[in-house]
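Just the heavy atoms: all of them, side chains too, but no hydrogens, waters or symmetry mates, feed the values below. Just so it is clear, the structure is predicted and the values come from calculations on it, not from any experiment.
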Amino acid sequence: MRIGFIGAGKVGFTLGKYFTSKGVNVVGYYSQHIDDAREAAAFTQTNYFKDAETLIAACDTLFLTVPDTNIVEVWNEIKHYPISGKNICHCSGALSADILTDLQYCGAHGYSVHPIYAIHDKYTSFQTFSEAYFTVEGCDAHISQITMLIASLGNSVRIMKAENKALYHAASVMVSNLVIALAKTGSDLFSQCGFDAQFSEKAWNALFLGNAENICHSGVSKALTGPLERGDINTIRQHLDCLSDKQREIYVTLSRILLSVAQEKHPDRDYSLIETELK
């Protein structure tokens with residue numbers, strides 16, 4: 001398989017570097033910003049191309065590693081080139097391969113190939129990419145070829161249905177991006193307690209990481225601790241009294257979900273007072 005990238009941002013850098021580090025044949029990069037393509041090529045020890053047509057001719061598999069809002073635009077530009085028999089992959093978690101319209105007339109095969117991973121830095125994220133899980137969705141014709149590529153790198157991969165893409169991506173955002181918002185809320189509260197900044201940050205970091213490890217190793221139910229699980233209504237009331245309206249809304253919304261976890265974990269406990277307090 002000869003792989004080319006259109007787009008040289010964080011995803012393009014990371015996938016390209018990870019592929020080459022595993023011995024996959026990456027031909028190189030094209031980008032509207034030639035300096036980005038040149039940098040990505042240097043980083044991955046591949047080639048940069050001054051035009052998309054030349055890159056496409058050199059590849060049998062193309063990854064469109066551009067923002068979601070630009071995928072259709074890029075596709076509409078390249079589908080007029082000779083792409084018969086080629087695999088066209090985008091890396092959107094939310095969008096399906098269906099956005100690559102007219103594939104049947106072009107003779108190409110379209111896929112969404114999404115790593116379930118937070119790529120935060122284009123220079124270093126590849127180093128831990130062996131831990132990433134992947135999903136693939138798209139044409140039946142070559143889907144086994146795409147999944148075998150991912151599996152050959154040592155990553156776990158599953159084929160998914162197009163109709164589940166939005167739900168799947170919402171789930172990914174819940175356990176990734178939205179956790180950052182919750183951490184920001186908690187961090188702000190810690191900073192109001194009179195601690196020095198270094199102590200505050202290190203303290204909540206240790207709590208956060210420890211709990212995340214417990215969730216991943218033991219599961220959501222077994223990892224649950226705190227006043228809600230204990231049925232400590234007085235502590236919960238104190239929390240609600242000291243929070244701002246917006247913070248209280250977050251606390252109550254998440255506590256209602258935690259209540260269902262606690263009830264499942266301890267079916268014999270009476271959580272009716274807490275349930276009433278959170279209404």
- Please step through side chain to side chain contact (heavy atoms under 4.5 Å, CB included) for the pair I236 and S255, ending with a clear verdict. CA-CA 10 Å; I236 291 174; S255 293; 6.0 Å; no
- For the residue pair C106 and K79, what are the closest heavy atoms and their distance? SG-O, 3.7 Å
- Between CZ on residue R248 and NE2 on residue H239, distance to nearest 0.5 Å: 13.0 Å
- Query: Are any of the side-chain nitrogens in D241 or R237 under 4.0 Å away from the carboxylate oxygens of its partner?
  - Reply: no
- Message: Would you say that more than 12 heavy atoms from the other residues, nucleotides or ligands in this model lie under 6.0 Å from the CD of Q127, or not?
- Response: yes
- Task: Group every Ile, Leu, Val, Met, Phe, Trp and Tyr by side-chain heavy-atom contacts under 4.5 Å, then state whether I6 and V27 land in the same group.
- Result: yes
- Side chains of S125 and K10: is there a donor and an acceptor less than 3.5 Å apart? no
- Query: Is there a path of hydrophobic side-chain contacts, each under 4.5 Å between heavy atoms of I, L, V, M, F, W or Y residues, that connects F13 with L15?
  - Reply: yes
- Query: More than 12 non-hydrogen atoms from neighbouring residues, nucleotides or ligands closer than 6.0 Å to NZ on K265, yes or no?
  - Reply: yes
- Is there a path of hydrophobic side-chain contacts, each under 4.5 Å between heavy atoms of I, L, V, M, F, W or Y residues, that connects V220 with L228? yes
- Task: State plainly whether one hydrophobic cluster holds both L240 and L258, where clusters connect Ile, Leu, Val, Met, Phe, Trp and Tyr through side-chain heavy atoms under 4.5 angstrom apart.
- Result: yes
- So do the side chains of I3 and L149 get within less than 4.5 Å of each other, counting heavy atoms only? yes
- Is the centre of the Y18 ring less than 6.0 Å from the centre of the Y117 ring? no
- Check each of T69, T65, I71 against P67 using the side-chain contact (heavy atoms from CB on, under 4.5 Å) test, and report the only one that passes. T69
- Euclidean distance, S172 OG relative to L167 CG, rounded to 0.5 Å: 9.5 Å
- Message: Do H266 and Y271 have side chains that approach each other closer than 4.5 Å (heavy atoms only, starting at C-beta)?
- Response: yes
- Query: With a cut-off of 6.0 Å (strictly less than), are more than 12 heavy atoms of other residues, nucleotides or ligands near CD of Q45?
  - Reply: no
- Item | Euclidean distance, T124 OG1 relative to I119 CD1, rounded to 0.5 Å | 10.5 Å
- Message: Atom CD of residue position Q104 - does it have more than 12 heavy atoms of other residues, nucleotides or ligands inside 6.0 Å?
- Response: yes
- Crowding at CG, D140 (>12 non-hydrogen neighbours, <6.0 Å): no
- Item | Y48 ring center near Y29 ring center (under 6.0 Å) | no
- Query: Got more than 12 heavy atoms from elsewhere within 6.0 Å of CZ, R269?
  - Reply: yes
- Message: Quick check: closest heavy atoms across T225 and E229, and the distance to 0.1 Å?
- Response: CA-OE1, 3.3 Å
- Message: Quick one, Y111 with Q145, criterion side chain to side chain donor-acceptor pair (under 3.5 Å). Give me CA distance, side-chain angles, the key distance, then yes/no.
- Response: CA-CA 11 Å; Y111 304 93; Q145 184 183 33; over 6 Å; no
- Just wondering, are more than 12 heavy atoms of other shown residues or ligands nearer than 6.0 Å to CD in E77? yes
- Query: Quick one: do V26 and Y30 end up in the same hydrophobic cluster if we chain Ile, Leu, Val, Met, Phe, Trp and Tyr together by side-chain heavy atoms under 4.5 Å apart?
  - Reply: no
- Message: Under a plain distance cut-off of 3.5 Å, with no hydrogens placed, do T128 and E131 share a side-chain donor-acceptor pair?
- Response: no
- Search all heavy atoms of S92 against all heavy atoms of D68 and return the closest pair with its distance. OG-OD2, 2.9 Å
- In Å and rounded to the nearest 0.5 Å, what is the CG to CG distance from L209 to N214? 11.0 Å
- 4.5 Å side-chain heavy-atom contact, K86 and L62: no
